[in-house]
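These numbers come from the heavy atoms of this one structure, side chains and all, not from hydrogens, waters or symmetry mates. Because the structure is predicted, anything quoted here is derived from the model rather than measured.
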Amino acid sequence: MFKKSPLAILLTMASFNTFAAECGSVTIADMNLGSATLVANIDAFILTNGYGCDVEIVPGNSTITATSMIEKNTPDIAPEFWTNQIRTTLEKGGEEGRIVVAGDLLSDGAVSGFWVPAYMVEKDPSLATLAGIKANAKLFKHPEDPSRSAFMACPAGWTCQISTTNLFNAMGLSDYGFDLVDPGSGAGLAGSMVKAYENKEAWFGYYWSPTALMDKYEMVRVDFGTGFNRDEFENCTIIEDCENPKVTDYPAAPVQSIVTTSFSKREPAVMQYLSKRTFTNSEMNQQLAWVEEEQADGDYAAEHFLLKNKAMWSQWVTSDAVKKINAALADL
């Protein structure tokens, strides 16, 4: 797991030997992903009601939030970082003593890749490979130019935009008629997949798990035929404007919670909670599937999770916090 990597050695967790008498103000980044929004709101409820914190949830994304935490010491907590995809920035922040790892949000990590619908692979197994995608490029019609093919990329501003762009170039997909299509937002990317799947149309693009969509729709991860090259991935694939990218698979992705170093020292009780607050990939998929089915916002989703999973979250917090959180839930 990532906690054994060089970054995790640099981002050493703060000591939990002493606990503050009171929790102060806390800012938590909502990283604009379904799982990140859910966890930000879970954290907000638990810290407000269990620890007496004055919590504010602020908008963010990986690049902006990481930079702000390192340069401006705010926000205090970023519940969900896919740390492989922003490794250089986080290592810099760790070396400078600005940020630390609080814990693993996903105990078994997450999965990124380029995907196609399972029904396409059932019809033509070669489409599970990069070679098959290139040979059948005309299947993946561009939404605005039928003479071209579409690869649905990561939205602009997301850290995965860097890796998808570098891999697109490394694969030479433009030579086979593909254009890199920016979906505009996470919702736009998801919507393109849903529309294609429900109409049994061709779709090729970047996505990840855990997500509600991957629980609902059967997708096949495209085999690049190269395996994972750590040196290439860390020194080029995730580096913006890398001059000579080569094809490498995505690694298993650690998903971790990051906090500012000053916060880790100021709020050791919260750090203890964050070090224990973790989900498996399967557990998160189930939560996200419910959120999508109910069209729940962050507040409602967090309340539902806390009401239905007391045995789980009660292991993350102190016995005193359990009593306070249960009292707050009883008042809902």
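- For the residue pair Arg277 and Ser257, a side-chain donor N or O sits within less than 3.5 Å of a side-chain acceptor on the partner.
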Handout entry: Derivation of the side-chain hydrogen bond (donor to acceptor under 3.5 Å, both in side chains) call for Asp76 and Thr27
Key = CA-CA 5 Å; Asp76 298 307; Thr27 49; 3.1 Å; yes
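- The two atoms that bring Pro75 and Ala29 nearest to each other are CG-CB, 3.8 Å, heavy atoms only.
- A continuous path of Ile, Leu, Val, Met, Phe, Trp and Tyr side chains, each step under 4.5 Å between heavy atoms, connects Ile42 with Met312, placing both in one hydrophobic cluster.
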Handout entry: Stepwise side-chain contact (heavy atoms from CB on, under 4.5 Å) test for Leu106 and Thr280
Key = CA-CA 5 Å; Leu106 295 180; Thr280 65; over 6 Å; no
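- Checked against Trp158 for a side-chain contact (heavy atoms from CB on, under 4.5 Å), the options Thr164, Thr63, Leu33 give a single hit: Leu33.
- Summarising the geometry of Val39 relative to Pro79, their closest heavy-atom pair is CG1-CB, 3.8 Å, with the distance given to 0.1 Å.
- Across all non-hydrogen atoms, the minimal contact from Cys160 to Ser163 is O-OG, 3.1 Å.
- When all heavy atoms of Asn136 and Ser126 are compared, the pair lying nearest together is ND2-OG, 3.9 Å.
- When the shell of 6.0 Å around OH of Tyr119 is examined, it contains more than 12 heavy atoms from other residues, nucleotides or ligands.
- The minimum heavy-atom distance linking Cys236 with Pro245 is given by the pair SG-CA, 3.4 Å.
- Val270 and Val322 fall within a single hydrophobic cluster, where Ile, Leu, Val, Met, Phe, Trp and Tyr are joined by side-chain heavy atoms under 4.5 Å apart, directly or via other members.
- Of the possible donor and acceptor atoms, one in the side chain of Asn166 sits under 3.5 Å from a partner among the backbone N and O of Ile239.
- In summary, Asp249 and Arg230 do not engage in a salt bridge, as defined by a charged side-chain N under 4.0 Å from a carboxylate O.
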Exercise for the section: I would like to know whether Trp208 and Trp115 meet ring pair (Phe, Tyr, Trp, His ring centres under 6.0 Å); could you show each step before the answer? Expected result: CA-CA 9 Å; Trp208 67 94; Trp115 306 76; 10.0 Å; no
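- Under a hydrophobic-cluster definition in which Ile, Leu, Val, Met, Phe, Trp and Tyr are linked whenever side-chain heavy atoms come within less than 4.5 Å, directly or via other members, Val194 and Trp203 are assigned to the same cluster.
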Handout entry: Verdict with reasoning, Arg87 to Ile238, per side-chain contact (heavy atoms from CB on, under 4.5 Å)
Key = CA-CA 8 Å; Arg87 179 183 293 272; Ile238 60 174; 4.0 Å; yes
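- In this structure, Phe279 has its ring center under 6.0 Å from that of Phe305.
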Practice task
Decide side-chain contact (heavy atoms from CB on, under 4.5 Å) for Ile133 and Leu127; before the verdict, give the C-alpha distance in whole Å, the side-chain angles of both, and the deciding distance to 0.1 Å.
Solution key: CA-CA 5 Å; Ile133 295 291; Leu127 292 172; 4.3 Å; yes
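- Of the listed residues (Glu91, Met69, Lys92), just one forms a side-chain contact (heavy atoms from CB on, under 4.5 Å) with Ile99, and that residue is Met69.
- At a cut-off of 3.5 Å, with distance as the only test, no side-chain donor of Tyr300 or Asn41 sits close to an acceptor on the other residue.
- Aromatic rings from Phe45 and Trp313 are positioned such that their centres are separated by 6.0 Å or more.
- With hydrogens and angles ignored, the 3.5 Å screen pairs a side-chain donor or acceptor of Asn285 with a backbone N or O of Thr211.
- Checked options Tyr206, Tyr250, Tyr207; the residue passing with Ser112 is Tyr206 (criterion: side-chain hydrogen bond (donor to acceptor under 3.5 Å, both in side chains)).
- Trp316 and Leu329 fall within a single hydrophobic cluster, where Ile, Leu, Val, Met, Phe, Trp and Tyr are joined by side-chain heavy atoms under 4.5 Å apart, directly or via other members.
- One hydrophobic cluster holds both Leu130 and Phe228 under the rule that ILVMFWY side chains link at heavy-atom gaps under 4.5 Å.
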Exercise for the section: Dump the intermediate steps for side-chain contact (heavy atoms from CB on, under 4.5 Å) on Leu173 and Phe204, then the final yes or no. Expected result: CA-CA 12 Å; Leu173 288 173; Phe204 174 46; 4.1 Å; yes
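- A pairwise comparison of heavy atoms in Ser35 and Glu80 identifies OG-OE1, 2.6 Å as the closest pair.
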